[in-house]
Amino acid sequence: MPASPIRKLVPYAEEAVKKGKSIYYLNIGQPDIKTPEIALQAIKECNIDILAYSRSEGSETYRQKISAYYSKHNIHVTHDDIVVTTGGSEALLFAFGSIMDVDDEIIIPEPFYANYNGFSTASGVKVVPVISKIENNFALPPIEAFEKLITPKTKAILICNPGNPTGYLYSKEEIQKLAAIVKKHDLFLIADEVYREFVYDGNTHYSVMQETGLEDHTIMIDSVSKRYSMCGARVGCLVSKNKTLIQTVLKFAQARLSPPTLAQIASEAALETPQSYFDAVIEEYVERRNTLISELQKIDGVKIAKPKGAFYCIVELPIKNSDDFAQWLLENFDVNGETIMVAPAGGFYSTANVGLNQIRIAYVLKKESLIKAVNILKEALKVYNN
Ligand SMILES: Cc1ncc(COP(=O)(O)O)c(C=O)c1O
């Protein structure tokens, strides 16, 4: 199993903190946004005698309410098309397990969410990357690039929309191009849409589930983690209109018995979160993104693709090895006792030796902290490169 590039530097960070340094954590997508009160209240007011297992596919009322939430997003599914999982992470594992055998292949545009590498390794599946480039703002590579990679072992294409770590938002036309490929080659299209709400600049999100005629091919991965800043709830879901697939996923769900019961109660309540909560959150992230980008642009030799969604961006730095740089920042550098923790981007690629001069930054901190953090990065580059 590959170590997560997002978490592997934690021991160095702990050591730095022991030595009295403060750290701006730009490495992990743990938002500092408050969880909706309505969800926290549901836990406080929960009056149950036995914290029992729930149904393996998740509580029926919760699934019914999720389908109502989806219909507001023009995604028309019933509760039977939904299996509640322990985070989007488990939904991804169930999807991999249900559609692929050992040695099968999955095509993923890279850079991609680093744990796709881990889930593929755990499932014995080979990731076949198709490279999207920072120079192109990480747009979908040309269709021919996908078709060249399809072999008899290819079972699926996986996209993340909007993207972690790129912040890229796929257009309706791009989704339709992918739809044409998966139909032609009889593949699955897995779309990780856990950042659906986080779309900026007046753009709209187009889900794979909105594409008609693709019902048997699409699998959507979702989660409450980011939407409601409920990462610790560990509730997600897998959605598909392919009945055979859902029956298979259910066998995986039965093997692990139940998704978390208490967290489903909170997640069900969270669905009542008013739109005003999201409006405020989006406004906050747009401001953070704009601050981050404009501060980074002040540093010589830095390349950035402006994110259109989610809350991450890939930053290319004038260095050779971001693993070394990220560790050095924690071990050997500070500005008045403060340093930063970043995720080296190599782990977001499965192609060897790509992205070694890149880092991923999660803009999950307040504007003032982001300004200080980028200043530390700027000073660090001056010292590191000498
Ligand atoms: C793209 C993407 N998919 C899935 C997940 C899994 O999240 P969770 O298991 O908390 O739902 C994450 C978490 O950061 C993510 O960024």
Side-chain angles (χ1 to χ4, degrees), residues 2-8 10 25-33 35 39 58 62 66 82-97 106 108-120 122-123 127 132 138 156-170 189-199 205 207-208 219-239 249 252-253 256 259-260 263-264 266-267 270-271 285 307-314 342-343 345 347-350 360-364:
S4 160
I6 305 159
R7 292 178 178 246
K8 70 181 178 184
V10 168
Y25 293 93
L26 305 171
N27 59 310
I28 190 162
Q30 169 59 62
D32 63 353
I33 304 283
T35 305
Y62 179 42
I66 309 177
I82 301 170
V83 175
V84 180
T85 52
T86 306
S89 304
E90 191 182 60
L92 282 157
L93 268 173
F94 286 180
F96 281 31
I106 182 163
I108 317 181
E110 65 176 4
F112 52 72
Y113 174 51
N115 287 323
Y116 295 163
N117 269 332
F119 299 138
S120 304
S123 310
V127 172
S132 70
F138 297 112
I157 295 174
L158 166 60
I159 57 164
C160 184
N161 186 29
N164 172 8
T166 60
Y168 190 74
L169 180 73
Y170 289 102
L189 178 58
I190 309 175
D192 181 337
E193 300 187 0
V194 305
Y195 296 98
R196 178 182 307 104
E197 258 80 9
F198 303 91
V199 169
H205 178 257
S207 169
V208 292
I219 303 173
M220 181 173 80
I221 306 296
D222 211 345
S223 168
V224 304
S225 291
K226 316 290 163 157
R227 179 174 311 134
Y228 305 113
S229 199
M230 283 173 65
C231 296
R234 310 309 306 132
V235 170
C237 65
L238 180 150
V239 186
V249 170
F252 281 86
R256 65 79 165 103
Q264 282 182 84
S267 302
L271 286 165
Y285 276 119
K308 295 186 214 164
F311 34 72
Y312 307 93
C313 75
I314 290 279
V342 296
F348 295 86
Y349 291 84
S350 69
R360 185 195 71 167
I361 289 183
Y363 44 99
V364 289

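Remember, it's 1-based here, ligands and their atoms both numbered in the order they're listed. Atom set for the values below is all heavy atoms of this structure, side chains included, hydrogens, waters and symmetry mates excluded. Note that the numbering runs from 1 along the sequence shown for the chain.
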Practice prompt. Could you tell me whether R234 and E90 have a side-chain N and a carboxylate O separated by less than 4.0 Å?
Written response: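 Here R234 does not pair with E90 in a salt bridge, since their nearest N and O are not under 4.0 Å apart.
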Worksheet entry | Distance from atom 13 (C) of ligand 1 to nearest protein heavy atom, with residue and atom |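 Protein heavy atom at minimum distance: Y113 OH, 3.3 Å.
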Fill in: atom 2 (C) of ligand 1 [closest protein heavy-atom partner, distance rounded to 0.1 Å]
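Heavy-atom neighbour on the protein nearest atom 2 (C) of ligand 1: D192 OD2, 3.4 Å.
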Worksheet item: Will you find, in the side chains of N164 and R360, an N or O donor that is under 3.5 Å from an N or O acceptor?
Response: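 Yes - a donor-acceptor pair under 3.5 Å links their side chains.
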Practice prompt. Establish, from distance only, whether the side-chain atoms of N115 and Y113 form a donor-acceptor pair under 3.5 Å.
Written response: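 Per modelled atom types, N115 and Y113 side chains form a pair under 3.5 Å.
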Discussion item. Looking at non-hydrogen atoms alone, which of P165, S89, G236, A310 comes nearest to atom 9 (O) of ligand 1?
Written reply: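 Answer by nearest heavy atom: S89.
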Side chain [X], main chain [Y], donor-acceptor under 3.5 Å:
{"X": "S132", "Y": "E110", "value": "yes"}
{"X": "N161", "Y": "E193", "value": "no"}
{"X": "K226", "Y": "G29", "value": "yes"}

Fill in: Which segment of C160 sits under 4.0 Å of ligand 1 when only heavy atoms are counted
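Side chain only; the backbone of C160 stays clear of ligand 1.
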Worksheet entry | Part of K226 with heavy atoms under 4.0 Å of ligand 1, whether side chain, backbone, both or neither |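 The part of K226 near ligand 1 is the side chain, not the backbone.
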Go through ligand 1 atom by atom and flag the ones less than 4.0 Å from a non-hydrogen atom of [X].
{"X": "S223", "value": "8 (P), 11 (O)"}
{"X": "V194", "value": "2 (C), 3 (N)"}
{"X": "G87", "value": "9 (O), 11 (O)"}

Sub-3.5 Å N/O-N/O distance, [X] and ligand 1:
{"X": "R234", "value": "yes"}
{"X": "S225", "value": "yes"}
{"X": "N164", "value": "yes"}

Worksheet item: Do F112 and Y349 have their ring centres less than 6.0 Å from each other?
Response: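 F112 vs Y349: aromatic centres not under 6.0 Å.
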Worksheet item: Quick one: does Y170's side chain get under 4.5 Å of P109's, heavy atoms only?
Response: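 In short, these two side chains touch, coming nearer than 4.5 Å.
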